[in-house]
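Basis for what follows: all heavy atoms, side chains included, without hydrogens, waters or symmetry-related copies.
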Amino acid sequence: MRWWLGVMALAVAGPGMAQDVDCDVAGTQMELTYCAEQDWIAADADLNEAYKAARGLMRDIDAGLPEAERGAEGYLREAQTAWITLRDAGCAAEGFMYHGGSIEPMVIYACRARMTEVRAAELTEMASTN
């Protein structure tokens, strides 16, 4: 729960901090955590675009099938929901190695960014197939 306090502190400091933090030379734990969060936010935006594209493909596949055979979009949605649960639990476990420490939120954000980048690439590849 302490990591959540760090996240809340960043949320309060975040808007002002964004102008002052150069993530290429971040040095304090608060700056490093902020930068890891920014990486995750960027990766999540890419993921949302990739998911939208893959979902469009799945809709097109469904549209070409008889109604009784459709399900591509539903399976993608189910897979994405399960993947989010997996990512969040896996990253919480990774962060738990530093439970209570100031590094814990940064580890979680970095893990989420890493896993999200991989998933976005998978969805982008899926969307480009066809």
Side-chain angles (χ1 to χ4, degrees):
M1 191 60 163
R2 287 183 192 164
W3 71 271
W4 185 247
L5 294 175
V7 171
M8 294 306 294
L10 283 173
V12 172
M17 182 178 274
Q19 298 171 358
D20 299 335
V21 176
D22 179 353
C23 290
D24 291 331
V25 294
T28 69
Q29 187 57 59
M30 188 175 228
E31 290 172 337
L32 293 167
T33 299
Y34 172 81
C35 294
E37 180 186 27
Q38 297 311 299
D39 289 344
W40 175 54
I41 289 169
D44 193 53
D46 291 343
L47 175 69
N48 288 330
E49 288 301 313
Y51 178 72
K52 186 188 301 183
R55 190 170 168 209
L57 174 62
M58 296 300 117
R59 283 181 175 169
D60 289 348
I61 291 170
D62 280 345
L65 295 172
E67 191 170 338
E69 294 180 26
R70 295 178 185 168
E73 183 182 6
Y75 281 122
L76 177 64
R77 185 175 41 252
E78 184 180 328
Q80 192 65 12
T81 299
W83 177 84
I84 290 168
T85 300
L86 171 72
R87 178 202 62 196
D88 291 352
C91 291
E94 192 171 311
F96 216 84
M97 295 185 315
Y98 305 95
H99 186 64
S102 61
I103 194 174
E104 184 179 9
M106 182 191 74
V107 170
I108 292 169
Y109 284 134
C111 175
R112 284 183 177 183
R114 183 180 71 248
M115 290 185 72
T116 301
E117 289 168 1
V118 170
R119 180 64 176 160
E122 292 169 351
L123 290 174
T124 297
E125 183 177 337
M126 178 188 294
S128 67
T129 304
N130 197 357

- Task: Indicate the atoms forming the closest heavy-atom contact of Ala120 with Ala50, along with that distance.
- Result: O-CB, 3.5 Å

- Message: I'd like to know if the side chain of Thr33 pairs up with that of Gln29 as donor and acceptor (distance under 3.5 Å, no hydrogens or angles considered).
- Response: yes

- Task: Using the side chain to side chain contact (heavy atoms under 4.5 Å, CB included) rule, take Trp83 and Met115 through it: C-alpha gap first, then chi angles, then the decisive distance, then the call.
- Result: CA-CA 10 Å; Trp83 177 84; Met115 290 185 72; 4.3 Å; yes

- Message: Which residues pass the salt bridge (charged side-chain N to carboxylate O under 4.0 Å, His left out) test with Arg87, not counting sequence neighbours?
- Response: none

- Across all chains, not counting sequence neighbours, the ring-ring contact (aromatic ring centres under 6.0 Å, His included) partners of Phe96 are His99

- Kindly compute the distance separating CG (Leu47) from CZ (Arg112), expressed to the nearest 0.5 Å. 12.5 Å

- Query: Roughly how far, to the nearest 0.5 Å, is CG of Asp60 from CZ of Arg55?
  - Reply: 12.0 Å

- Item | Main-chain N/O of Leu65 paired to Arg70 side chain as donor or acceptor, under 3.5 Å | yes

- Contacts of type ring-ring contact (aromatic ring centres under 6.0 Å, His included), residue Trp40, not counting sequence neighbours: Tyr109

- Query: Under 4.5 Å between any side-chain heavy atoms of Glu49 and Asp46, yes or no?
  - Reply: no

- Message: Could you see if Met97 belongs to whatever hydrophobic cluster contains Ile103? Use Ile, Leu, Val, Met, Phe, Trp, Tyr and a side-chain cutoff under 4.5 Å.
- Response: yes

- Do Val107 and Met30 share a hydrophobic cluster, counting only Ile, Leu, Val, Met, Phe, Trp and Tyr and linking them when any side-chain heavy atoms are less than 4.5 Å apart? no

- Please report the shortest heavy-atom distance between Ala43 and Ala113, naming the atom on each side. CB-O, 3.9 Å

- Query: Measuring from Arg114:CZ to Glu94:CD, what's the distance to the nearest 0.5 Å?
  - Reply: 4.5 Å

- Whether Glu104 side chain and Gly100 backbone form a donor-acceptor pair below 3.5 Å: yes

- Item | Separation between CG of Asp62 and CG of Leu57, rounded to the nearest 0.5 Å | 9.5 Å

- Task: Keeping the roles fixed (side chain from Glu31, backbone from Thr28), state whether a donor-acceptor pair exists under 3.5 Å.
- Result: yes

- Query: Nearest 0.5 Å, what's the CE-OG1 distance between Met126 and Thr129?
  - Reply: 8.0 Å

- Message: If you define the side chain from C-beta out and look only at heavy atoms, does anything of Arg77 sit under 4.5 Å from Tyr51?
- Response: yes

- What is the minimum heavy-atom distance between Ala127 and Ala54, and which atoms define it? CB-N, 3.6 Å

- Task: Taking atom CD of Glu125 as the centre, report whether more than 12 heavy atoms of other residues, nucleotides or ligands fall under 6.0 Å from it.
- Result: no

- Approximate separation, where rounding is to 0.5 Å, of Asp44 CG and Glu37 CD: 11.0 Å

- Are the side chains of Leu76 and Leu123 in touch, meaning some heavy atoms are under 4.5 Å apart? yes

